[in-house]
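Bear in mind the structure is a predicted one, so any value in this text is a computation, not a measurement.
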Amino acid sequence: MKLLVIHGPNLNLLGRREPEVYGRTTLEEINGWLKEWGKQKGVQVDAFQSNSEGEIVSKIQQAGDKHQALVINPGAYTHTSVAIRDAAAACGLPVVEVHLSNIFSREEYRHRSYLAEVASGQIAGFGPLSYLLGLTAAHRLASKV
């Protein structure tokens, strides 16, 4: 089984960007934990980060042919991107939306997620653990467990 994790804009700055909100864990550390989780489960975990909406849309479109589920932290595109929402709806995969912070305890504009309408579920507010919880959920959805 292959699972894809997509990290949206500015997540390449984790560890130094607003550590009081996002913590001090780097994206490289998170990706290492995800790969280790995959090794323990016998699952290939592919990770991709982009600051470009178009690149994220293309990656989601390609995922349907190569992966069994998608975990995505769309970052700021959560609240703005109909294109990412539509790509996720069309990819034919279970989609789990994740966020490091609790988007509902933050600014009002962050409370709206376009992706939530088509995602299987959403996990937010648990810092880097959100990714591992999301990966676990995606694996179960893809396995039909």
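For the residue pair Asn31 / Glu29, no side-chain donor-acceptor distance below 3.5 Å is found, with atom types taken as modelled. Judged by distance alone, the side chains of Asn51 and Gln49 do bring a donor and an acceptor atom under 3.5 Å apart.
Residues Phe126 and Leu133 form a side-chain contact, since some pair of their non-hydrogen atoms from C-beta on lies under 4.5 Å apart. Put simply, the side chain of Met1 does not reach to within 4.5 Å of the side chain of Gln44, judged on heavy atoms. The side-chain heavy atoms of Cys91 and Gln61, taken from C-beta on, include no pair separated by under 4.5 Å. Two residues are said to be in side-chain contact when any heavy atoms from C-beta on lie closer than 4.5 Å; Trp33 and Pro128 meet this criterion. Two residues are said to be in side-chain contact when any heavy atoms from C-beta on lie closer than 4.5 Å; Gln122 and His99 meet this criterion. Here the side chains of Val5 and Val98 are not in contact, with every heavy-atom distance at 4.5 Å or above.
Around NZ of Lys35, the count of heavy atoms belonging to other residues, nucleotides or ligands within 6.0 Å exceeds 12. Taking a 6.0 Å sphere around NZ of Lys2, one finds it holds more than 12 heavy atoms contributed by other residues, nucleotides or ligands.
Between Glu117 and Arg112 there is a salt bridge, since at least one side-chain N of the basic residue sits less than 4.0 Å from a carboxylate O of the acidic one.
Here the CG-NE2 distance, from Leu14 to His7, works out to 8.5 Å after rounding to the nearest 0.5 Å. In this structure, OG1 in Thr78 is found 5.5 Å from CD in Glu97, a value given to the nearest 0.5 Å. Atoms CG and OG1, from Leu3 and Thr136 in turn, are 10.0 Å apart once rounded to the nearest 0.5 Å. Rounding to the nearest 0.5 Å places CG of Leu11 at 6.5 Å from CG of Leu100. The distance from atom CG of Asn10 to atom CG of Asn73, rounded to the nearest 0.5 Å, is 10.5 Å.
Contact record, Lys66 with Gln68: O-NE2, 4.3 Å, taken as the closest heavy-atom pair. Across all non-hydrogen atoms, the minimal contact from Ala124 to Ser101 is CB-O, 3.6 Å. In terms of heavy-atom proximity, Val96 sits nearest to Ala137 at CG2-CB, 4.2 Å. Minimum heavy-atom separation, Gly125 to Ser130: N-OG, 3.8 Å. Taking every heavy atom of both residues into account, Leu141 and Pro94 meet most closely at CB-CB, 3.8 Å.
In this structure, Ile56 belongs to a hydrophobic cluster whose other members, linked by side-chain heavy atoms under 4.5 Å apart, are Leu4, Ile6, Phe48, Val57, Ile60, Leu70, Ile72, Tyr77, Ile84, Val95, Leu115, Val118.
Leu93 is not connected to Val71 by any chain of hydrophobic side-chain contacts under 4.5 Å among Ile, Leu, Val, Met, Phe, Trp and Tyr, and they are in different clusters.
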